[in-house]
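Worksheet for the structure shown next.
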Amino acid sequence: MTNPPRARGALGAMYAGLALTVLATLAPYADRGTTHLLADRIRAGYPGYSPARIDSAVTTYLVVLTAIGALGVLAWLTAAWAVRAGKRWARPAATALFVIGTGVGLTGLLTEDTSGETGLPPELGWAGMAPCLAGLVAVVLLWRRPRPA
């Protein structure tokens with residue numbers, strides 16, 4: 001049994017979202033080893049923090065962002081499985097996961113910490129939003145009515 005074109009396109013978008021989620025989850029680790037945007041953001045917002053405390057804050061962010069990323073990967077895999085298996089609940093579940101994921105992404109992008117700045121540097125915040133674009137495409141494709149033959 002083959003998936004209809006709508007499901008195939010949605011699955012492609014879901015796998016792209018999965019890849020973007022993995023990349024967004026790895027981005028803070030790459031930052032830690034290269035540009036130090038997150039550490040610089042913490043240092044600027046909390047000038048009284050010692051280097052050890054800044055490192056601890058970065059580590060805390062890494063743990064939280066990794067947990068969010070792992071949940072995102074699980075969500076993408078579950079949604080893709082449900083669509084591929086033709087489950088009746090796949091479309092509403094994918095839509096709900098999209099709304100939740102977009103909310104989480106916006107929270108990371110826009111939430112200010114006690115310094116008055118956003119907790120994440122914009123580059124990492126936008127990286128966390130990238131999978132939402134794939135989610136939007138997937139949801140639109142799942143809900144689009146099939147064209148008459």
Side-chain angles (χ1 to χ4, degrees), residues 3-85 87 89-144:
N3 289 318
R6 166 178 74 183
R8 282 194 301 268
L11 282 170
M14 288 179 175
Y15 292 131
L18 173 64
L20 289 169
T21 300
V22 170
L23 290 173
T25 303
L26 295 175
Y29 290 95
D31 170 63
R32 187 176 200 179
T34 57
T35 58
H36 308 286
L37 294 171
L38 184 55
D40 291 345
R41 182 66 153 218
I42 295 166
R43 188 176 298 105
Y46 301 94
Y49 274 18
S50 68
R53 193 156 183 201
I54 291 170
D55 189 53
S56 176
V58 169
T59 300
T60 300
Y61 264 111
L62 290 176
V63 169
V64 170
L65 294 172
T66 300
I68 291 169
L71 290 172
V73 166
L74 182 62
W76 283 114
L77 292 173
T78 301
W81 169 81
V83 168
R84 196 173 43 254
K87 300 293 183 183
W89 50 266
R91 289 190 304 176
T95 304
L97 290 170
F98 166 70
V99 170
I100 292 166
T102 301
V104 169
L106 286 170
T107 299
L109 180 66
L110 301 174
T111 300
E112 294 180 359
D113 64 14
T114 57
S115 72
E117 296 289 329
T118 56
L120 288 175
E123 296 85 352
L124 294 178
W126 283 109
M129 287 298 298
C132 299
L133 295 174
L136 177 62
V137 171
V139 167
V140 167
L141 290 173
L142 285 172
W143 286 100
R144 191 171 63 177

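- Rounded to the nearest 0.5 Å, atoms OG1 (Thr25) and CG (Leu71) are 10.0 Å apart.
- From Leu18, atom CG reaches atom CG of Leu74 across 10.5 Å, with rounding to the nearest 0.5 Å.
- Contact record, Trp143 with Pro92: CZ2-N, 3.8 Å, taken as the closest heavy-atom pair.
- Between His36 atom NE2 and Ile42 atom CD1 the span is 12.5 Å, to the nearest 0.5 Å.
- Annotation: the span from Asp31 atom CG to Leu37 atom CG amounts to 4.5 Å, rounded to 0.5 Å.
- Distance CG/Leu124 to OH/Tyr61: 10.0 Å, rounded to 0.5 Å.
- Remark: the backbone N or O of Ala52 is not paired with any side-chain donor or acceptor of Ser56 at under 3.5 angstrom.
- A donor-acceptor contact closer than 3.5 angstrom links the side chains of Tyr29 and Thr66.
- Contact check for Met14 versus Leu142: side-chain heavy atoms found under the 4.5 Å cut-off.
- The two residues Met129 and Gly105 have their closest heavy-atom pair at SD-C, 3.2 Å.
- The minimum heavy-atom distance linking Gly128 with Pro131 is given by the pair O-CD, 3.4 Å.
- Residue pairs meeting the salt bridge (Lys or Arg N to Asp or Glu O under 4.0 Å) criterion with at least one partner in residues 35-48, sequence neighbours excluded, are Asp40-Arg43, Arg41-Glu117.
- Distance check, rounded to the nearest 0.5 Å: CG of Leu97 to OG1 of Thr78 gives 7.5 Å.
- Nearest heavy atom pair, residue Gly69 against residue Thr21, reads O-CG2, 3.7 Å.
- The minimum heavy-atom distance between Ala134 and Ala13, with the atom names listed, is CB-O, 3.4 Å.
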Exercise for review: Go through the steps to decide whether Leu109 and Thr118 satisfy the test side-chain contact (heavy atoms from CB on, under 4.5 Å), and finish with yes or no.
Suggested key: CA-CA 7 Å; Leu109 180 66; Thr118 56; over 6 Å; no
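- Of the possible donor and acceptor atoms, none in the side chain of Tyr15 sits under 3.5 Å from a partner among the backbone N and O of Ala80.
- Counting all heavy atoms, side chain and backbone alike, Cys132 lies closest to Thr102 at SG-CA, 3.6 Å.
- Looking at heavy atoms from C-beta onward, Arg32 lies in side-chain contact with Thr59 at the 4.5 angstrom threshold.
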